[in-house]
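Written below as structure tokens is the structure these notes are about.
Side-chain atoms are counted along with the backbone in the values below, which use heavy atoms only and exclude waters and symmetry mates.
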Amino acid sequence: KRYIWNRYKNKMKMSRFVASMMMLHTLLMASVNAEELVYTRAFADDDYGSYHVAVLSAVIAATPEYGDVALTPHPHPMSQSRQLVTLLKGDADVMWSVTNSNREQRLLPIKLPLLKGYSGYRVLVINPSEQSSFAQQTGEALKQSTMVQGADWPDLSVLKANGYNVSGEDWSLWFHSMYSMVDKGLVDAFPRNIIEVHRDLERHKDKHVSLEQFHLLKYPNYEYFFVSPDNPALANRLRLGLVRILDDGELERIFDSFEGHRKAEMLADAESRKIHELGNPTIPYKLDYARWDKYKDLAIRALEKEMSE
């Protein structure tokens with residue numbers, strides 16, 4: 001009897017082992033067979049784009065009827081203009097960036113402002129020795145201060161159109177050249193959006209740079225996902241997934257899980273700052289649902305309308 005029982009136990013162990021191996025094989029095959037969805041990136045760093053990748057992952061998970069997809073970063077970091085070309089060539093599938101008319105003509109925009117429109121809320125990074133001089137500046141005086149932006153950022157055109165003394169600087173790793181220009185006094189200020197500025201200051205804490213305390217530039221500015229015009233099915237998958245994670249609250253949970261986002265809302269609502277309202281000639285519209293946390297139904301209807309067009 002003991003022999004029979006031991007033989008039975010061995011068979012059971014073998015069955016469980018075989019079942020486990022079959023399950024592992026199935027999962028591995030599913031991973032191998034899953035299509036790759038390649039996203040572009042500006043920096044080869046896990047910190048960069050972690051929010052956007054989290055949103056993409058949630059969108060893919062929310063749309064299983066479109067099939068399995070493995071999110072994969074493009075192996076090479078690149079400037080925004082290069083990312084656009086990479087999508088058009090078919091070497092990547094999705095990018096995220098601030099929009100403008102040119103990008104919307106060449107790519108398919110997924111018109112949900114991923115950062116709630118905070119891309120258009122700009123604070124100034126300055127040399128700390130200049131803090132007191134900025135406290136005295138009026139709107140017109142502020143326009144005369146020398147500023148820097150990325151050479152291929154839509155924000156450069158926005159600031160120039162509003163009369164600011166701003167120049168473009170070529171792409172550099174984690175904006176090293178821009179922060180060095182502030183550190184060395186080559187420019188007076190580097191306008192940064194309120195979402196990214198705290199992360200930047202932590203990364204560049206070895207330089208003489210700090211957050212200016214008295215001004216906030218504000219203009220309509222929206223950061224979207226973009227895909228190639230040759231891939232409308234992917235565009236609709238992203239729209240549908242965003243609708244679903246908006247509706248069930250997942251998008252808001254992801255947004256709020258990032259400390260930099262919570263700090264950004266404090267900057268946006270700070271009563272101590274003088275707000276300078278700017279126009280944005282690079283986009284021909286203003287969204288009434290940019291704050292999708294407050295206008296969820298409007299945002300969902302807008303995405304659903306795009307899917308039906």
Side-chain angles (χ1 to χ4, degrees), residues 49 51-52 54-56 58-59 80 94-105 107-123 149 153-159 161-162 191-198 215-227 235-236 238-258 260-271 273 275-309:
Y51 164 67
H52 303 82
V55 174
L56 269 179
V59 164
Q80 290 185 15
V94 62
M95 66 178 283
W96 55 84
S97 82
V98 166
T99 193
N100 62 17
S101 295
N102 177 263
R103 288 178 188 181
E104 294 194 19
Q105 289 168 4
L107 299 172
L108 291 179
I110 315 303
K111 290 187 177 179
L112 184 78
L114 298 168
L115 300 177
K116 301 184 180 180
Y118 288 158
S119 298
Y121 290 61
R122 298 256 154 181
V123 287
Q149 290 284 271
W153 296 0
D155 308 274
L156 177 62
S157 299
V158 172
L159 292 171
N162 284 273
R192 291 295 286 141
N193 80 51
I194 60 174
I195 290 282
E196 298 174 328
V197 68
H198 288 103
H215 301 278
L216 175 71
L217 310 181
K218 183 180 176 182
Y219 48 90
N221 210 29
Y222 313 120
E223 185 173 87
Y224 299 148
F225 287 130
F226 289 89
V227 304
N236 278 335
L238 297 183
R239 292 175 183 127
L240 179 60
L242 286 169
V243 165
R244 289 175 177 172
I245 66 174
L246 262 172
D247 191 45
D248 68 10
E250 179 65 12
L251 183 58
E252 181 69 2
R253 287 190 289 272
I254 295 171
F255 187 91
D256 287 343
S257 69
F258 286 82
H261 296 177
R262 298 193 296 274
K263 289 181 176 180
E265 291 188 333
M266 293 174 62
L267 284 176
D269 297 333
E271 295 181 357
R273 291 181 177 274
I275 297 176
H276 304 271
E277 298 277 359
L278 282 59
N280 186 349
T282 71
I283 54 174
Y285 57 83
K286 186 174 181 179
L287 297 179
D288 56 2
Y289 60 87
R291 286 294 305 270
W292 40 260
D293 54 325
K294 295 184 176 182
Y295 305 105
K296 181 191 294 188
D297 291 342
L298 290 177
I300 288 175
R301 285 200 295 270
L303 288 167
E304 289 175 338
K305 182 180 178 183
E306 284 192 353
M307 283 189 286
S308 65
E309 290 177 349

Atom of Phe226, atom of Val98 and distance for their closest heavy-atom approach: CE1-O, 4.4 Å

Does the pair Leu114 and Trp96 meet the rule for a side-chain contact (heavy atoms from CB on, under 4.5 Å), with working shown? CA-CA 9 Å; Leu114 298 168; Trp96 55 84; 4.3 Å; yes

Can you confirm whether Leu240 sits close enough to Arg244 that some side-chain heavy atom of one is under 4.5 Å from a side-chain heavy atom of the other? yes

Does a side-chain heavy-atom distance below 4.5 Å link Phe258 with Ile195? no

Tyr295, OH atom: more than 12 neighbouring heavy atoms under 6.0 Å: no

Just by distance, no angles: are the side chains of Asn102 and Gln105 close enough, under 3.5 Å, to form a donor-acceptor pair? no

Taking the side chain as every heavy atom from C-beta outward, state whether Ile300 and Tyr289 have any atom pair closer than 4.5 Å. no

On the ring face of Phe255, is Lys116 found with NZ or CZ under 6.0 Å from the centre and within 45° of the axis? yes

Nearest 0.5 Å please: distance from the CG atom of Asp297 over to the CH2 atom of Trp292. 14.0 Å

Atom CD of residue position Glu309 - does it have more than 12 heavy atoms of other residues, nucleotides or ligands inside 6.0 Å? yes

Identify, with sequence neighbours excluded, every residue that meets side chain to side chain donor-acceptor pair (under 3.5 Å) alongside Arg103. Gln80, Ser97

Restricting to non-hydrogen atoms, name the atom on Asp155 and the atom on Gln149 that form the minimum distance, rounded to 0.1 Å. CB-OE1, 3.2 Å

Charged N-O contact under 4.0 Å between Glu250 and Arg253: yes

Glu252 and Lys296: CA distance, side-chain angles, deciding distance, side-chain contact (heavy atoms from CB on, under 4.5 Å) verdict: CA-CA 10 Å; Glu252 181 69 2; Lys296 181 191 294 188; over 6 Å; no

When rounded to the nearest 0.5 angstrom, what is the spacing between CG in Leu242 and CG in Asp247? 12.0 Å

Taking atom CG of Asn193 and atom OH of Tyr118, what is their separation to the nearest 0.5 Å? 11.5 Å

Could you walk me through whether Leu298 and Arg301 satisfy the side-chain contact (heavy atoms from CB on, under 4.5 Å) test, starting with their C-alpha distance in whole Å, then the side-chain angles of each, then the deciding distance to 0.1 Å, before giving a yes or no? CA-CA 5 Å; Leu298 290 177; Arg301 285 200 295 270; 3.1 Å; yes

For a quick test of reading the model, state the closest non-hydrogen atom pair linking Ile194 to Val197 and the distance between them. O-CG1, 3.9 Å

To the nearest 0.5 Å, what is the distance between NE2 (His276) and CG (Leu217)? 6.5 Å

Which value, rounded to the nearest 0.5 Å, describes the distance between Ile110 atom CD1 and Arg239 atom CZ? 4.0 Å

Step-by-step side-chain contact (heavy atoms from CB on, under 4.5 Å) determination, Leu251 to Leu112: CA-CA 11 Å; Leu251 183 58; Leu112 184 78; 3.7 Å; yes

Heavy-atom closest contact (Asn221 atom, Ser119 atom, distance): ND2-O, 3.3 Å

Asn100 versus Pro154, closest heavy-atom pair with distance: ND2-CG, 3.6 Å

Can you give me the closest heavy-atom contact between Leu108 and Ala235, atom names plus distance? CD1-CB, 4.0 Å

Flag side-chain contact, heavy atom, 4.5 Å: Met95 against Val227: no

Do His198 and Leu267 come within less than 4.5 Å of each other through their side chains, counting heavy atoms only? yes

Pairwise side-chain contact, Arg122 with Lys218, heavy-atom cut-off 4.5 Å (strictly under): no

CG-CD distance between Asn236 and Glu304, expressed to the nearest 0.5 angstrom: 11.5 Å

Cut-off 3.5 Å, no hydrogens considered: what does the side-chain donor-acceptor table look like for residues 280-288, sequence neighbours left out?
from, atom 1, to, atom 2, distance (Å)
Asn280, OD1, Thr282, N, 2.9
Asn280, OD1, Thr282, OG1, 2.6
Asn280, ND2, Pro220, O, 2.6
Tyr285, OH, Glu104, OE2, 2.4
Tyr285, OH, Tyr224, OH, 3.0

